[in-house]
Amino acid sequence: MLHIGCHLSSSRGFAAMGRQAAELGADTFQCFLRNPRGSRAKELDTADAGALADFLRREGFAPIIAHAPYILNLCGASEENRAFAREIFADDLRRLEHLPGQLYNFHPGSHVGQGMEAGITLIAQALNALLTPEQTTTVLLETMPGKGSEVGGRFEELREILDRVDLGEKMGVCLDTCHVFDGGYDIVGDLDGVLTEFDRVIGLERLRAVHLNDSKNGCGSRKDRHACIGEGQIGLEALSRVVRHPALRHLPFCLETPNDLPGYRREIALMRRAAEE
Ligand code: FE
Ligand code: FE
Ligand code: ZN
């Protein structure tokens, strides 16, 4: 069976998200652990987190994804900026241990003019300072469109980071269909070719989750504007091939499409049908 869910707001707490996901027909979901554009986080309610952990186990959910805040940049220009990012990252990882065995997805960062090599070095250094042998969370580098000075627009950049992280077994990759398409990987015309390239450069065993999004813009546009399924330039047919692909179909898929909850419910059902065809 396809494992699919969507991005949910965490404002009503952990256990409420689990129930909401199930109501939408999902068996995974994604959320922020704090304000996505800021750093502030409420005190963690351990009973609420425990209730979600029980729910996920009982309902047989696929791993869920906690998404790092967008402002987090492990390769910012100043040490102050980077230390702030590491602090948030470390706090999120600590929180996630109340939900054992889940995924923490982050945007590798933007090198802001320091150069790709310097950016990759800073990200790997930060990860080496942050990851611990005891953690049960797998940390995912998200594939990015390569907008501006973004790191992670090429598979080679993610591979470089992974190669330099000591606790490699704690790391994986999340493939965002909108981002890779925007970054110039043609998943519409040649999905097999893109996945062969991913396997050659990174290794498909590193792939742990998929962000399932259509894109408002064309292949190589580097715009990062998500569209609803079937309303963008990737299209329903190509996204159906993604969820059906033998190299991908076992993974958790998460919608990050511009939707309200009824829209998410429709897209989850739509992709479940597409996966069966
Ligand atoms: Fe993301
Ligand atoms: Fe994404
Ligand atoms: Zn995006």
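Whatever order the structure lists ligands and atoms in, that order sets their numbers, starting from 1. Just so it is clear, the model here is predicted, and its values are computed rather than measured. Because only heavy atoms are used, hydrogens play no part in the values below, and waters and symmetry mates are left out as well, while side chains stay in.
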Asks: Under a 3.5 Å threshold, yes or no: a donor from one side chain and an acceptor from the other, between Asn213 and Asp176?
Replies: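 The answer is yes; a qualifying pair exists.
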
Asks: Just give me the atom name: the N, O or S atom of His226 closest to the Zn ion (ligand 3).
Replies: NE2

Asks: Between Glu276 and Arg272, does any side-chain N to carboxylate O distance fall below 4.0 Å?
Replies: no

Asks: Whether the His67 and His107 side chains hold a donor-acceptor pair (N or O, under 3.5 Å, no angle test) is what I'd like checked.
Replies: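 Short answer, yes.
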
Asks: Need the atom name: nearest N/O/S atom of Asp224 to the Zn ion (ligand 3).
Replies: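 Result for Asp224 and the Zn ion (ligand 3): OD1.
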
Asks: Starting from the Fe ion (ligand 1), count all protein N, O or S atoms within a radius below 2.8 Å.
Replies: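 Near the Fe ion (ligand 1), the number of protein N, O or S atoms below 2.8 Å is 3.
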
Asks: Starting from Met144 and following side-chain heavy-atom contacts under 4.5 Å between hydrophobic residues (I, L, V, M, F, W, Y), which residues can be reached?
Replies: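 Members other than Met144 - counting any ILVMFWY side chain reachable under 4.5 Å - there are none.
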
Asks: Side chains of Arg273 and Ser240: is there a donor and an acceptor less than 3.5 Å apart?
Replies: no

Asks: Is the CD atom of Glu79 crowded by more than 12 outside heavy atoms at less than 6.0 Å?
Replies: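 Yes, CD of Glu79 has more than 12 neighbouring heavy atoms, counting only those of other groups under 6.0 Å.
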
Asks: Could you confirm whether His179 has any N/O/S atom lying under 2.8 Å from the Zn ion (ligand 3)?
Replies: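 Given the 2.8 Å cut-off, His179 counts as a ligand of the Zn ion (ligand 3).
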
Asks: Check this for me: Arg225, atom CZ, are more than 12 non-hydrogen atoms of other residues, nucleotides or ligands nearer than 6.0 Å?
Replies: no

